Amino acid sequence: MRITIYCVGKLKEKYLKDAVEEYAKRLGRYCYVLVSEVSDERIDQNASDAQVRAALKLEGDRLLERFSPKDHLIALAIEGKSLSSVELSEHLGSLMNGGASSIGFIIGGSAGLSKEVLERADEAISFSKLTFPHQLMRVMLLEQVYRSFRIMRGEPYHK
């Protein structure tokens, strides 16, 4: 099983890089993990809706070039379906049992994801109605994927 985290922007903070590395290492027991970053567009605080859409389109085009045709793509989006940790584990298990050998999670930049990326995704999930920094979202996602594998295997995990 291959898990790819497609994300906009690079991690700059050492503590976040360390956390991503730690969860990727832990996940190595269960799957192969790849993080694929694309550059983000600078979006001014006073940007118009058209400027934001243009920036999202550029970021989205970069993401679309990276996706593998084999990936079952899951976009992380506030408007996506909410799942508990157990439900996410069951869903990932179902995808794997159904023949998916590669799952890609998509994390947008500070303005989210382009409509083209959302249309290309096979589904969208939401971690919360709250907004999280996209850099922190990587750590949260990897932790939940790790937790999902532990749940699938009947291994202990913090409830």
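Owing to the predicted nature of the structure, the values given are computational and were not obtained by experimental measurement.
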Does Ile78 sit in a hydrophobic cluster with other residues, and if so which ones, taking ILVMFWY side chains as linked at heavy-atom separations under 4.5 Å, directly or through other members? none
Sorted by first residue and then second, give each ring pair (Phe, Tyr, Trp, His ring centres under 6.0 Å) pair with at least one member in residues 107-143; sequence neighbours left out. none
Does Asp122 have any side chain to side chain donor-acceptor pair (under 3.5 Å) partners at least two apart in sequence or in another chain, and if so, which? none
For Lys12, enumerate each residue passing the side chain to side chain donor-acceptor pair (under 3.5 Å) test, keeping only those at least two apart in sequence or located in another chain. none
Residues passing the side chain to side chain donor-acceptor pair (under 3.5 Å) test with Glu22, sequence neighbours excluded, are Arg26
Sequence neighbours left out, what pairs pass ring pair (Phe, Tyr, Trp, His ring centres under 6.0 Å) with at least one residue falling in residues 45-70? Tyr6-Phe67
Hey, can you pull the donor-acceptor pairs under 3.5 Å for the side chains in residues 104-115, sequence neighbours left out?
| residue | atom | partner | partner atom | Å |
| --- | --- | --- | --- | --- |
| Ser114 | OG | Glu116 | OE1 | 3.4 |
| Ser114 | OG | Val117 | N | 3.2 |

Leu58, Leu63: one ILVMFWY side-chain cluster at the under-4.5 Å cut-off? no
Salt bridge (charged side-chain N to carboxylate O under 4.0 Å, His left out) contacts in which one or both residues fall within residues 69-88, not counting sequence neighbours: Arg2-Asp71
Non-neighbouring partners of Gln51 that pass side chain to side chain donor-acceptor pair (under 3.5 Å), sequence neighbours left out: Ser48
Got a sec, which pairs hit salt bridge (charged side-chain N to carboxylate O under 4.0 Å, His left out) with one end in residues 28-56, sequence neighbours left out? Lys10-Glu37, Arg29-Glu155, Glu37-Arg138, Glu41-Arg62
Go through the structure and list residues passing salt bridge (Lys or Arg N to Asp or Glu O under 4.0 Å) with Asp61, not counting sequence neighbours. Lys57
ILVMFWY cluster membership beyond Leu34 - transitive side-chain contacts under 4.5 angstrom: Tyr32
